[in-house]
Number of protein chains: 2
Amino acid sequence: MTGPDQPRRADARRNVEGIRRAALDVFRSSGLTTPLDEVARAAGVSKGTIYHRFGSRRGLIDAVVDELVAERIQGIIAVVGELGDPLARFEEYLLRMWLLQYDEPAANDVLIRALPESEPLLNLCEKAQEFAFGLLRAAQEAGVIRTDLTPDDVNYLILERGAIVRACGQQSRDDYRRRLRFLLDGLRQGRQI
Amino acid sequence: MTGPDQPRRADARRNVEGIRRAALDVFRSSGLTTPLDEVARAAGVSKGTIYHRFGSRRGLIDAVVDELVAERIQGIIAVVGELGDPLARFEEYLLRMWLLQYDEPAANDVLIRALPESEPLLNLCEKAQEFAFGLLRAAQEAGVIRTDLTPDDVNYLILERGAIVRACGQQSRDDYRRRLRFLLDGLRQGRQI
DNA sequence: TAGGTTCTTGACCATGGAGTCAACTTTTCT
DNA sequence: AGAAAAGTTGACTCCATGGTCAAGAACCTA
């Protein structure tokens, strides 16, 4: 987790950095399951180097996932934390998570656990989850979100989006967002059945 | 499309039927992308026989998809056609399609087009689509479904489910169904914003 | 700049699935 | 029964991907 496992030689340090950058690029545009050969090509090194430096695909992911996703999730928690209204908090959280999932396909690999477990990631997911559960409870107590929506449901609402984005990625961001509104509306309290 | 391309020898006819049955079984439980070796094993023949008889994976799928999915979709259209209320028609159609997607993973491969295009299937999908669009229009004209829901949106609502089922298949049918209710509620007209 | 050390390479192994085909087996017809 | 036609087999090729490692290249230090 900390620092001084840097390689000794200058070329090696250069390579590590290059691989990190390339991985960010490639993962961002094609998800965390992209063949490592592609990352290698983008970084101008051989696949062997990646394995030598990062041990495995998972090692590489661990090395970039923070910059790729973790910071964004923390950002969402921070921004939503500033809001006052319970409904706005709940909806804004979901909306921002869903948009993150659209903007960063890699986020889905993380949330959906399509990849080897990584401790920091699990922690992050749990933290986000707890945060979401808090928002849900508050919104339900304020009477603005339907009470038959469970924490599990909220989890699913987010996981689902991941699957959707991967499978129906061709939809425009605007359409995607517009459809999210339908979803949110279905979660509110006080509808005429 | 028609009939008399049956093999001449009795053993061959027997095999064709056995492969069809095995394919139905295997595709039903593991989706249309299951390795053909598995189908072959289940049918007690060699993979070569499948290729010889059906030409390709796609040929095999074409040969079983009717029994697997097409009839069910036609059934849904028929049942929903009997209903009177526009809202009930629209919601029942979506609900039944969504449940079909849960019950038959293979339906998702069809709807999501994860497989080589097949004419009869394309026709079926289009027919179902037209039917759904009609239901939508009627429901909107009756003022029971929100007017900012487009036919494209309806398509997505169905395609999405396919992706979801594949990715989050572990949820129980009851939970799955309960969550569909949230979704439907978000599509109704006349909510308090 | 020599020589030891650190790094990188790319050929190599393994896995798993799609699809093919020459050799073999079974059925059918007379 | 015997031979020709029809059918089946499974080993084979091809391709993609994950991952390894001995040999050679690049770097750093004295």
Side-chain angles (χ1 to χ4, degrees), chain A residues 3-23 26-27 29-65 105-106 109 113-118 166, chain B residues 3-23 26-27 29-65 105-106 109 113-118 166:
Chain A
D5 34 359
Q6 284 242 335
R8 286 126 218 273
R9 263 168 52 175
D11 55 344
R13 279 195 300 273
R14 222 182 307 127
N15 279 339
V16 166
E17 191 44 35
I19 292 169
R20 266 182 48 86
R21 281 176 191 288
V26 170
F27 286 164
S29 56
S30 320
L32 295 180
T33 55
T34 318
L36 289 196
D37 301 68
E38 248 173 76
V39 177
R41 209 175 324 126
V45 301
S46 115
K47 184 173 51 159
T49 304
I50 295 185
Y51 279 98
H52 184 51
R53 288 286 150 227
F54 295 91
S56 62
R57 150 174 257 104
R58 178 195 149 165
L60 178 59
I61 290 174
D62 281 356
V64 299
V65 81
D109 294 311
R113 279 132 172 124
L115 45 114
E117 311 291 4
S118 138
R166 308 199 118 258
Chain B
D5 34 358
Q6 283 240 338
R8 287 129 217 271
R9 263 167 54 173
D11 55 343
R13 279 195 300 271
R14 221 183 305 127
N15 279 337
V16 166
E17 191 44 36
I19 292 169
R20 266 183 47 87
R21 281 177 190 289
V26 170
F27 286 163
S29 57
S30 322
L32 295 181
T33 54
T34 318
L36 289 197
D37 301 70
E38 250 174 75
V39 177
R41 209 177 323 124
V45 301
S46 117
K47 184 173 49 158
T49 303
I50 296 186
Y51 279 98
H52 185 50
R53 288 285 151 229
F54 296 91
S56 62
R57 151 176 257 103
R58 177 194 147 167
L60 179 58
I61 291 174
D62 281 356
V64 299
V65 80
D109 294 310
R113 278 131 174 125
L115 45 114
E117 310 291 4
S118 137
R166 308 199 118 259

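Heavy-atom basis, side chains included; hydrogens, waters and symmetry copies ignored. Chain naming here is simple, since letters A, B, ... match the order of the sequence lines and numbering starts at 1 in each.
- As rounded to whole Å, 11 Å separates atom P of C:dA18 from atom CG of B:Leu60.
- Remark: C1' of D:dT17 and CD1 of A:Ile50 are 14 Å apart, rounded to the nearest angstrom.
- Ionic pairing of B:Arg58 and B:Asp62 is present here: one or more N-O contacts between side-chain nitrogen and carboxylate oxygen are shorter than 4.0 angstrom.
- As rounded to whole Å, 11 Å separates atom P of C:dC7 from atom CD of A:Gln6.
- Summarising the geometry, the separation between CD1 on B:Ile61 and C1' on C:dA18 is reported as 13 Å, rounded to the nearest angstrom.
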Identify each atom pair where a protein N or O and an N or O of nucleotides 28-30 of chain D are less than 3.5 Å apart, giving names and distance.
residue, atom, partner, partner atom, Å
D:dC28, OP1, A:Ala10, N, 3.0

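- Between B:Val39 and B:Ala22 the shortest heavy-atom distance is O-CB, 3.8 Å.
- With a 4.5 Å cut-off on side-chain heavy atoms, A:Arg14 and A:Asp11 count as touching.
- How far CG of B:Asp109 is from CZ of B:Arg166: 4.0 Å, rounded to the nearest 0.5 Å.
- Of the candidate nucleotides D:dT17, C:dC7, C:dT8, C:dC7 has the atom lying nearest to any side-chain atom of A:Pro7.
- Looking at every heavy atom in both residues, B:Arg53 comes nearest to B:Ala12 through NH2-CB, 3.7 Å.
- To the nearest 0.5 Å, atoms CG (B:Leu36) and CD1 (B:Ile61) are separated by 8.0 Å.
- The CZ-C1' distance, from B:Arg41 to C:dA18, rounds to 15 Å in whole Å.
- Closest approach to the B:Pro35 side chain among C:dT9, C:dA18, D:dT8 is made by C:dA18 (side chain taken as heavy atoms from C-beta onward).
- If you check residues 15-23 of chain B against DNA chain C, you find no residue with a heavy atom closer than 4.0 Å.
- For B:Ser46 and D:dT8, the shortest distance from a side-chain N or O to OP1 or OP2 is not below 4.0 Å.
- Take the nearest nucleotide of DNA chain C for B:Arg14 and for A:Arg53: the residue whose nucleotide is more 5' is A:Arg53.
- Proximity of B:Phe54 to B:Val16: side-chain heavy atoms (C-beta onward) are separated by under 4.5 Å at one or more points.
- Between B:Arg57 atom CZ and C:dG16 atom P the separation is 17 Å, expressed in whole Å.
- Evaluation of atom-type donor-acceptor distances gives no pair under 3.5 Å for the side chain of A:Lys47 against the base of C:dG10.
- Using a 4.0 Å cut-off between charged nitrogen and carboxylate oxygen, A:Glu17 and A:Arg20 count as a salt-bridge pair.
- In this structure, B:Tyr51 does not reach the C:dT20 phosphate: none of its side-chain N or O atoms is under 4.0 Å from OP1 or OP2.
- Straight-line distance from the NE2 atom of A:His52 to the C1' atom of C:dT8: 8 Å, rounded to whole Å.
- Rounded to a whole Å, the CG atom of A:Leu32 is 13 Å from the P atom of D:dG18.
- Within the 3.5 Å criterion, the main-chain N or O of B:Ser30 finds a donor-acceptor partner in the side chain of B:Thr34.
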